[in-house]
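Here is the structure we will look at, set down as C-alpha cells.
Everything numeric here is computed off the predicted structure, so don't read it as measured data. All chains are named by letter (A, B, ...) in the order of the sequence lines, taking the proteins before the strands, and each is independently numbered beginning at 1. Values reported hereafter were calculated over all heavy atoms of this structure, with side chains retained and with hydrogens, waters and symmetry mates removed.
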Protein chains: 2
Amino acid sequence: MATGRTHRPATRSRGIPEATVARLPLYLRALTALSERSVPTVSSEELAAAAGVNSAKLRKDFSYLGSYGTRGVGYDVEYLVYQISRELGLTQDWPVAIVGIGNLGAALANYGGFASRGFRVAALIDADPAMAGTPVAGIAVQHTDDLDRIISDNGVSIGVITTPPGAAQQVCDRLVAAGVTSILNFAPTVLSVPDGVDVRKVDLSIELQILAFHEQRKAGEEAAADGRAAVDPDSDEAPPMRATPAGRKGPDGDMPAVMPA
Amino acid sequence: MATGRTHRPATRSRGIPEATVARLPLYLRALTALSERSVPTVSSEELAAAAGVNSAKLRKDFSYLGSYGTRGVGYDVEYLVYQISRELGLTQDWPVAIVGIGNLGAALANYGGFASRGFRVAALIDADPAMAGTPVAGIAVQHTDDLDRIISDNGVSIGVITTPPGAAQQVCDRLVAAGVTSILNFAPTVLSVPDGVDVRKVDLSIELQILAFHEQRKAGEEAAADGRAAVDPDSDEAPPMRATPAGRKGPDGDMPAVMPA
DNA sequence: TACTGTGAAGCACTTCACAGCG
DNA sequence: CGCTGTGAAGTGCTTCACAGTA
C-alpha cells in the first residue's frame, strides 16, 4: 500500500485547512459570476449567500489567504478571482487524461466545465482496441498499451479513472508508474497508491445511499406524528442469520427469523 | 430560500454522526465483496483495510449501530450486511428520477451501480421535445411538462439533476413542488431548497480544482529541494488590478503590475 | 488469547462576538 | 458607520489505549 509515512498526516498544506481549500472553488465560481456581471465589489455577506455558506466561515477562509478585503467596503471581485485562482493553481495549464471511455468517460470528455478552469483534456485512453482512433469530444481515443508514453508525452499529472471497478487498481498503478500524482476516481473501488499521490473519489452510489438514509429517517418521523416514535422501516424483509451473536443490542428491530432463499 | 428553521442544525439523525453515515456505504461495499466470496466473519482490522479506513474508526462507527461483533472473533459478514443495509434504508425500493438526459444523464441511467442497491431508475425527464419517447438505457425519455405527474405517479422521492446549470434551480423547484425530498445535484449551481429537503452535490470541476491545489504544492516542494522555499507558481501570468486595497498582505507574490487585455 | 466496544484525550473545523479600520 | 479580520469558545470527529469478554 503506502510507501513512506503511512497515514498522511492531516494535510494542512501551507497552513490552509483542507476544509477551506474545498470551498475555494465554490467562492471562485460565485465570484466569476459576479465578475461576468461586472460587479466591482462584494461583501462577505453577499458572497457567502451566493456560495451557500455563512459569512463568518467565508471571512475566516479568506483570512488564511491574506487580507484581501477592505473594511467598510468588501472584497474587490477581480482581485479575489485572481488570488483564489492563483492559490488553487488555476493560472497554469493542467493536462488531464481520462482512462475508460464508456458512457461516463465520454460524458466527462464532453463536459464544458473542464476546459473553463485551466484543465485540458489531453488524452482519452481505453482498453478496447475497437475504440482506438474513434474521436470522442473531438479527441481520438488511444489504446491502453500506450498509456505510459501518452502520459509522459503530454506531461499529464492528473488522471481520471472511469473504468469498470475491476480495472481501476491496475490502471491506477500504471498511471502512477507513468508519473501521475493526482487521481480522480469514479470507479467504486478503494485505490491503493504510494505516498505522495492524491486520490479523490466521486461515488454516485454512495451519495444516493446517504440520501436514502436521511429519506428513510424523514419517513419515520412523519409516521411518528402522534405520540410514538421510530417505525421499523421493513417488517417483511429478508433477513440473514449466521453465527450466534449472543447478547446483541441493536437499537430497534433486532431481526426476524426467516432466511432469504 | 429556506422555509422554516434556517441553517439545518448539525444533522446527527438518531445519534448516528453524519461522518459515520457517509462511511456506511463503504463498509457495505467491502462486506458485499466478502459475502460474495463466502467469507463468514471478518475482523475490524481486515474490514477497515478493505474499506480504506483505520480500524478504530470502523469500530467506533459500528458502535453507533449497536454491538454487532463478537469479541475474539470479529463480525459476522452476512449479519452486518443486513444491519447496515437496513440502517441505510436499502432494504426498500427507491424509485429515482433523472432530469436532464444529456451525456451525463444518459451515463447515469446506464450505470449499473444504481440498480444493485435498492435504487431503481423510474423515470428519465428532459426538456427537449425531440428526445421524448427516445429510449435511453431501455427507458423512454419523458418531457418536462409532465414532471409533476411523473414524480407522483411513480412515488419518486429522490431526484437527480443533470441539467445545464441555468435550468437546475427551476427543475429543483419543480421537483420539490412535486414531492421530492432528496436531491442529488450534478449541475454546478448552489441550489436553494425549503427546509426538510436534502441536497447533495457532486461537482467534478471542484474535485479537479482541489487536486490542482495539492498538485501545485507538490511542484513547489519539489523545486524547493535545496535550501529555499515556496516557488511562485506563475511569474508570467495575467493579473488583474482594481480598487486600491492599501495595506494588503498576501503570503507570497503580491501581484505583478500588468493588466490582462 | 484475540478481538470488540468505549471512555477520554486530542484535533480540526465552525461559530461567536467584537476590536479595528477605511 | 459598515464591514473585515480574528481571538476565543463551542462542536463534532478522530484517535488512543485499555477494560471487558467470547
Next on the checklist: Please list all pairs meeting ring pair (Phe, Tyr, Trp, His ring centres under 6.0 Å) that have one or both residues in residues 22-59 of chain B, counting only residues at least two apart or in different chains.
Outcome noted: Y27(B)-F62(B)
Next on the checklist: Against the six-membered ring of F213(B), is R217(B) placed for a cation-pi contact (under 6.0 Å from the centre, within 45° of the normal)?
Outcome noted: yes
Checklist entry - More 5' along DNA chain D: A56(B) or F62(A), using each one's nearest nucleotide? => result F62(A)
Next on the checklist: Between P on dC3(C) and CG on L47(B), what's the gap in Å once rounded to a whole number?
Outcome noted: 14 Å
Checklist entry - Please give, in whole Å, the distance from dG7(C) P to Y64(B) OH? => result 10 Å
Checklist entry - Within this structure, what is the NZ-to-P distance between K57(A) and dA9(D), rounded to whole angstrom? => result 21 Å
Checklist entry - Within this structure, what is the CG-to-C1' distance between D76(B) and dC3(C), rounded to whole angstrom? => result 15 Å
Checklist entry - Any side-chain N or O of Y75(A) less than 4.0 Å from the OP1 or OP2 oxygen of dG5(D)? => result yes
Checklist entry - Any side-chain N or O of S44(B) less than 4.0 Å from the OP1 or OP2 oxygen of dT4(C)? => result yes
Next on the checklist: Using whole Å, what does the distance between atom P of nucleotide dT15(D) and atom CG of L58(B) come to?
Outcome noted: 12 Å
Next on the checklist: Below the 4.0 Å mark, does dT14(C) have OP1 or OP2 next to a side-chain nitrogen or oxygen of N54(A)?
Outcome noted: no
Checklist entry - What about R71(A), does its side chain sit under 3.5 Å from the base of dT4(D) through a donor-acceptor pair? => result yes
Checklist entry - Can you list every pair that meets salt bridge (charged side-chain N to carboxylate O under 4.0 Å, His left out) and has a residue in residues 34-51 of chain A, with sequence neighbours left out? => result none
Item to check | Nearest-angstrom distance from the residue atom CD of E18(A) to P of dC13(C) | outcome: 8 Å
Next on the checklist: On DNA chain D, compare the nucleotides closest to K60(A) and K60(B); which residue's is nearer the 5' end?
Outcome noted: K60(A)
Item to check | Identified side chain to side chain contact (heavy atoms under 4.5 Å, CB included) partner of N185(A) from the options V202(A), V171(A), D203(A), L191(A) | outcome: L191(A)
Next on the checklist: Can you identify which nucleotide, out of dT6(D), dT14(C), dC13(D), has its nearest atom closest to the A19(B) side chain?
Outcome noted: dC13(D)
Item to check | Nucleotide dT4(D), atom C1' - distance to OH of Y27(A) in whole Å | outcome: 14 Å
Next on the checklist: Rounded to the nearest 0.5 Å, what separates atom CG in D76(B) from atom OG1 in T70(B)?
Outcome noted: 7.5 Å
Checklist outcome for this item: Between R59(B) and D61(A), the residue closer to the 5' end of DNA chain C by nearest nucleotide is R59(B)
